[in-house]
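Notes for the one structure printed next.
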Amino acid sequence: IRKGKPFLTMDIINILLMLRINNLLAIDILVAASSVEAFGRSLVEAFLQKTPVIATRSAGHIEIIKHFKTGYLYKENNIVDFINGVNWLL
C-alpha cells in the first residue's frame with residue numbers, strides 16, 4: 001500500500017495475492033478432492049511452492065499430476081487409496 005496515495009484496486013489485488021501465497025506456504029499437503037476439474041490452478045500454485053499434492057483421478061488433475069512423480073492420484077470415493085496417497089507422501 002502506497003503511503004499518502006488513494007487505495008487502488010491493484011493494492012487490493014496485491015494484498016489478496018500476498019494472503020493467498022502466505023496461506024499456501026502454511027500448508028503441508030494440498031488435497032484436491034473434486035470429481036470434476038477443468039484446470040487445477042491450486043495444483044500449479046502448490047507445485048510452485050513445492051507443496052505435495054494428492055488429488056482425485058479426474059480429467060484436469062491427470063493432465064497436471066504425474067502419478068508418483070509430482071503427486072498422488074487416488075480413485076474417487078476410495079478412502080483406502082486416499083490413505084495410501086497420504087502414506088506415500090509421508
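Note: hydrogens, waters and symmetry copies are ignored here, and every other heavy atom, side chains too, is used.
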Which atom pair, heavy atoms only, marks the closest approach of [X] to [Y]?
| X | Y | result |
| --- | --- | --- |
| His61 | Ala55 | ND1-CB, 3.6 Å |
| Ala46 | Leu30 | CB-CD2, 3.7 Å |
| Ser34 | Ser58 | O-OG, 4.0 Å |

Just how far is it from atom CD1 of Ile62 to atom CZ of Arg57, taken to the nearest 0.5 Å? 9.5 Å
If you measure from CD1 on Ile29 to CD1 on Ile54, what distance do you get to the nearest 0.5 Å? 5.0 Å
Applying the 4.5 Å side-chain criterion to the ILVMFWY set and letting contacts propagate, would Val44 and Val31 be lumped into a single cluster? no
Out of curiosity, does Tyr74 fall in the hydrophobic cluster containing Phe68 (side-chain heavy atoms, cut-off under 4.5 Å, transitive links)? yes
Show me the donor-acceptor pairs, under 3.5 Å and distance only, between side chains in residues 76-90 and residues at least two apart or in other chains.
{"residue": "Asn78", "atom": "OD1", "partner": "Val80", "partner atom": "N", "Å": "3.2"}
{"residue": "Asn78", "atom": "OD1", "partner": "Asp81", "partner atom": "N", "Å": "3.0"}
{"residue": "Asp81", "atom": "OD1", "partner": "Tyr72", "partner atom": "OH", "Å": "2.5"}
{"residue": "Asp81", "atom": "OD2", "partner": "Lys75", "partner atom": "N", "Å": "2.7"}
{"residue": "Asn84", "atom": "ND2", "partner": "Val80", "partner atom": "O", "Å": "3.4"}
{"residue": "Asn87", "atom": "ND2", "partner": "Ile83", "partner atom": "O", "Å": "3.4"}

Taking side chain to side chain contact (heavy atoms under 4.5 Å, CB included) as the test, write out the residues that go with Lys66, two or more places apart. Lys69, Thr70
